[in-house]
Amino acid sequence: MTGTATPAPRLIDIDGLPALFEALRGRGYTVVGPTVRDGAIVVAELASAAELPFGWGVETEAGRYRLRERSDTAAFGHSAGPQSWKTVLHPARAKLWSADRVTGSAGTSIVETGAAEPPRYALLGVRPCDVRAIGILDQVLTGGRHADPVYRGRRDGAFVIAVECTEPGATCFCTSMGGGPGADSGFDLALTELTDGGDHRFVVRTGTAAGAGVLADVPSRAADEATVRHAATAVAEAAGHMGRTMPTQGLPRLLADSRESPHWDDVASRCLTCGNCTMVCPTCFCTTTEDVTDLTGDHAERWRVWDSCFALDFSYLHGGSVRTSGQSRYRQWITHKLGTWHDQFGSSGCVGCGRCIAWCPAGIDITQEVSTLASMLEQAAADEDKP
Amino acid sequence: MTGQRTAQRTAQPTAPPAPAGPAAETPAVPRFYRVASRREDTADTVTLELTEPAQPVPAFAPGQFAMLTAFGVGEVPISVSGLGDSGGGRARRLEHTLRAVGAVTRALHAAPPGSLIGVRGPFGTGWDVASAAGRDIVIVAGGIGLAPLRPVVLSALADRSRYGRIVLLAGARTPGDLLYAGELERWSRDGVEVAVTVDRADSAWSGEVGLVTALIEPAGLAPGNSVAFVCGPDIMMRFTADALAARGLPASRIRVSLERNMRCGAGWCGHCQLGPLLVCRDGPVVSYDRAAPLMRVREL
Amino acid sequence: MTGTVTASLSAQPFFAALADSQREALAGDGTAVMVAAGERLFDEGGVADMFWLIELGRIALDMRVPGRGDQIVETLGPGTVLGWSWLHPPYRWQFGAVARLATSAVAFDAPSVRRRCDADPAFGYAMLRAFTPVITERLQATRLRLLDLYAAPHQLSHADIGPVNP
């Protein structure tokens, strides 16, 4: 997919966006991207560039998310919203299988009813943290022995347009997790939005041949060196403006060593086990299945729906659940995300997007909980060393 | 193959999972098999023989499990309980022993001969019986845990000269709950050292009464030259494995079959996690040195 | 006779905690016995003046439950010891014992062993060291059986088995 020679960056003016939409639609893509809805910037199908959230930014804090009007017209001047791209690539509800039970002269048989063609989406405005999150989902859902057909179908058909980040939010910590506000791979096109001097434009880099093909259909001009440097500086400076920091040294070990920590009681006293963090997390992938039939009982469907490790019956084992306490369920979530994910999939499951912090109704902050666990272990070790 | 995979993952805990051979068939869609026979083993447990698959799934190894679909009701993980027929690397005949405990297993339990049952799989790690070549095989089963171990007995008997003693220790709730009673006698005649104990005897029961671990000492095992295969409820496996380890059997040569809530079988749904393990992928069969520290943590 | 009993005792790990001289002394209180299948060794409530080291066979511990007959609570096989009610007052059997298979054992004169324990605390301590692991193991096994681990959810009588899926 990735070409060897990197083409020089180009510039698209703001009025070139409709042409980008046309180029994508002409190739059979449904464009999904950010738009304002219900007091938030959500990910939705976009009919035109006009639906982008021009002039809107967001304010985030632990347990808080508010839209704010920007002083400029930036379309991507916002940090992560309540949804991530997993809503598109790994949908909350998907039909896995459907079949009819047919009784004929040769007896009864089960006949599968046609599987739908996977939709093809162009993802517009994917933040670098979310580009990494998609990479993590790739590993989880297609990197093992068996590839998830729903995800693979949608992922293989997807066109990714990353938009680099120049204004991290107060709950952001992507740099702690080994990422950053810039995108260097995992996209077909990468944009950097510039609005200074009333000149609204995008520096565009191509990541793939498919990206170059789309870009060729959009009016663009060569990007001058000063503009490219200006964009790169804005992105580089953003790295210094993260609102949060995650102590990442030896995280898997820290969480394994904290299995019996008294701190889980403290978290559980605040955690509502609502599962919001798992819903907004761009990498939380857990699902369950439901089989349903029509009234005759001869047409059956299997649907897959998102599930959450905070749900009581998530760990159900004939007779009861393994993880009944809030303590054990929060421990499972954070330990999996930051620790055992490494064992299972070779990386952390966290990209530092901060969604779980903003959308926790109790304002539980994953970075803060890790800091506390770390200092408690340090304290315990220090106490042990005392004669 | 699965054994190698386990070893590799233990050696490099932070390495990404190695792709296990060529990309496997996508096992997302059930293939329907016909119930050829249905044997009632106990009041709530049946063994179903599945045949005539429209499109057979790949062959199963002892210890691996299938996701079985009751049409329109749902899907559950059930280990294979027989060797079946694996002609051409395909599961042309399968045996599953299952107990009616929930909506899906009740529907499967009630499936009459001639009806259709969906199969996905094979999933998970196997017992790797062949790795016990040249050693004594010690099988300890609790309750329905005997079902996934039946293929161990059958494959060891099929290749009898490769192994030393075959010792089978089984515990059941009551004499009536004992699985495969007729077969146990046959195995005994075929040279398997069978010992059975029940938690509660009835007046007709002339055998042992007590916990399955009480059978270990009288069996006179050779810990230095044995491989143990243990399956049953979580706590039973812990106590059994600890009792075997206390007699000198290294934990690395004790295998247990873990039970967690497997929903997809393929590592996609996240339900069956036990600490670092995805039980459907890294288990269900795991050596006790890996399993023991995880099994001891509350609500893990 | 004593020689055979000493050999029997040495062969059993049960009395590994005893020094050779202590085993020798204990053997003096032991007699090799054969118990036929179906033969009753003692009844609940009887005087506990014996204990047995089982070498071969199987002994059932039972209790008569009105309306249900003799209920077997546990069977004991080779290598273990039958009877510890002789250790403490009131020196009465709490359960009955009957041979299920032809059994060979060493039967000990419990009051004599008890007197030896009282007279020689080192010997007494060694005897306790031999008996407590067996008592502990059987207590733990009994506790595990109380959990009724092999039961299906619907067979469990206790209400508190956690949330149940519909």
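The chains referred to below are lettered A, B, ... by the order of the sequence lines, with proteins before strands, and numbering in each begins at 1.
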*What part of B:Arg99 gets closer than 4.5 Å to chain C, counting heavy atoms only: side chain, backbone, both or neither?*
side chain

_Counting only heavy atoms from other residues, nucleotides and ligands, does the tally under 6.0 Å from CD of B:Glu183 exceed 12?_
yes

*Under the criterion side chain to side chain contact (heavy atoms under 4.5 Å, CB included), which of C:Leu144, C:Leu149, C:Leu147 is the partner of B:Pro233?*
C:Leu149

*Can you tell me how far the CD atom of C:Glu137 sits from the CG atom of B:Leu211, to the nearest 0.5 Å?*
9.5 Å

*For C:Ile72 and B:Ala201, which heavy atoms make the closest approach, and how far apart are they?*
CB-CB, 4.5 Å

*Inspect the surroundings of CZ in C:Arg40 and state if more than 12 heavy atoms from other residues, nucleotides or ligands are less than 6.0 Å away.*
yes

_Presence of salt bridge, C:Asp148 and B:Arg200, under 4.0 angstrom_ = yes

*What is the distance from atom OG of B:Ser203 to atom CD of C:Gln71, rounded to the nearest 0.5 Å?*
8.5 Å

_Using side-chain heavy atoms (C-beta onward) and a distance below 4.5 Å, is C:Phe14 in contact with B:Glu217?_
no

*Roughly how far, to the nearest 0.5 Å, is the OG1 atom of B:Thr197 from the CD atom of C:Glu74?*
8.5 Å

*asked:* For a quick test of reading the model, state the closest non-hydrogen atom pair linking C:Pro78 to B:Pro218 and the distance between them.
replied: O-CG, 4.5 Å

*Option in B:Gly171, B:Ala243, B:Gly232 with maximal non-hydrogen atom pairs under 4.5 Å from chain C*: B:Gly171

*Return the option, out of B:Ala172, B:Gly102, B:Ala214, with the maximum number of heavy-atom pairs under 4.5 Å with chain C.*
B:Ala172

_Counting only heavy atoms not in C:Arg129 (residues, nucleotides, ligands), do more than 12 fall under 6.0 Å from its CZ?_
no

*Region of B:Ala100 that comes under 4.5 Å of a non-hydrogen atom in chain C*: backbone

*Side chain from CB out, backbone as N, CA, C, O: work out which of these in B:Asp44 comes under 4.5 Å of a heavy atom of chain C, or both, or neither.*
side chain

*Between B:Val209 and C:Val73, is any pair of side-chain heavy atoms under 4.5 Å apart?*
no

*Side-chain contact, heavy-atom cut-off 4.5 Å: C:Tyr150 with B:Asp199?*
yes

_Below 4.5 Å, heavy-atom pairs only: which of C:Gly77, C:Ala151, C:Gly79, C:Ala141 has the largest tally toward chain B?_
C:Ala151

